Amino acid sequence: MGSMKTLRVSSIVVSAVLLMSCGADSQDSEATSIATVAPNGEVITIQVLDNSYRPSDYEIKAGTEVVFENRGRNDHNILPDSIKDDAGLTALLASDMSPASWGIESSAFTPGDSFTHLFNVPGVYKFYCSIHGAPGAGMYGTLTVS
């Protein structure tokens, strides 16, 4: 049992390293088209409860890190409004390095899990859980980044 846990952690570390190395290559070529803001040291937490985000609407400064904590009893996902489901998010994250490419699939966001994202480009980020909502209805939220 101990070796399974170690294996899982190792694969997560390897995945993170691979994602970081891929991201660095793509970001260099896009650095001129998207103005990003350096991390400002601020961190906010959004609670992901069963059927709601608390708070569901939040205004932050660019460079703020947002921690989404699954405090419910169910699996959830966090999808940008433009994405239909977990498979769509997987495809987006694999192909798009823009600020619109963020979120977490339900298989990786079970009760007790957390997901952190640095919002470093101003804009309005609308998101929802496709299991318990739809864009603009049910379990959804908006982050306004200035």
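Since the model is a prediction, treat every value here as computed from it, not as a measurement. Any value given below was found using the heavy atoms of this structure, including those in side chains, with hydrogens, waters and symmetry copies removed.
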Tell me if a side-chain donor or acceptor on [X] pairs with a main-chain N or O of [Y] at a distance below 3.5 Å.
X      : Y      : answer
Ser101 : Ser98  : no
Asp50  : Arg73  : yes
Asn70  : Phe109 : yes
Ser95  : Ala91  : yes
Asp96  : Ala100 : no

Inset, instruction - Start with the C-alpha distance between Thr64 and Asn40, add both sets of side-chain angles, then the distance that settles side-chain hydrogen bond (donor to acceptor under 3.5 Å, both in side chains), and finish with yes or no. - result: CA-CA 6 Å; Thr64 300; Asn40 61 21; 3.2 Å; yes
Legend entry - Contacts of type side-chain hydrogen bond (donor to acceptor under 3.5 Å, both in side chains), residue Glu69, not counting sequence neighbours: Arg71
Inset, instruction - With sequence neighbours left out, write down each residue that passes side-chain hydrogen bond (donor to acceptor under 3.5 Å, both in side chains) with Thr144, or none if nothing qualifies. - result: none
If I compare all heavy atoms of [X] with all of [Y], which pair ends up nearest, and what's the gap?
X      : Y      : result
Pro111 : Gly72  : CB-O, 3.4 Å
Leu89  : Ile83  : N-CG2, 3.3 Å
Glu65  : Leu118 : N-CD1, 4.0 Å
Gly103 : Leu93  : O-CD1, 4.1 Å
His132 : Asn51  : CD2-OD1, 3.3 Å

Inset, instruction - Answer with yes or no whether the hydrophobic clustering places Val37 together with Tyr58; edges join I, L, V, M, F, W, Y residues whose side-chain heavy atoms lie under 4.5 Å apart. - result: no
Side-chain contact test, heavy atoms from C-beta onward, threshold under 4.5 Å: evaluate it for [X] versus [Y] and give yes or no.
X      : Y      : result
Ile131 : Asn74  : no
Pro39  : Asn120 : no
Leu143 : Val124 : no
Thr90  : Glu105 : yes

Inset, instruction - Could you verify whether a donor N or O on one side chain and an acceptor N or O on the other, from Ser146 and Glu59, lie under 3.5 Å apart? - result: no
Legend entry - Separation of Ile104 CD1 from Ile78 CD1 (nearest 0.5 Å): 6.5 Å
Legend entry - Point-to-point distance, once rounded to the nearest 0.5 Å, from CG of Asp75 to OG of Ser107: 8.5 Å
Legend entry - His117: partners by ring pair (Phe, Tyr, Trp, His ring centres under 6.0 Å), with sequence neighbours left out: Trp102, Phe119
Inset, instruction - List, by chain and then residue number, the residues other than Val67 in its hydrophobic cluster (Ile/Leu/Val/Met/Phe/Trp/Tyr, side-chain heavy atoms under 4.5 Å); write none if there are no others. - result: Val43
Inset, instruction - Hey, could you give me each pair passing salt bridge (Lys or Arg N to Asp or Glu O under 4.0 Å) that has a residue in residues 77-92? Not counting sequence neighbours. - result: none
Inset, instruction - Sorted by first residue and then second, give each side-chain hydrogen bond (donor to acceptor under 3.5 Å, both in side chains) pair with at least one member in residues 122-131; sequence neighbours left out. - result: Asn77-Ser130
Legend entry - Ring centre gap for Tyr53 and Phe127 strictly below 6.0 Å: yes
Legend entry - Criterion side-chain contact (heavy atoms from CB on, under 4.5 Å) on Arg54 and Leu49, from CA distance to verdict: CA-CA 7 Å; Arg54 298 265 170 82; Leu49 305 171; 3.5 Å; yes
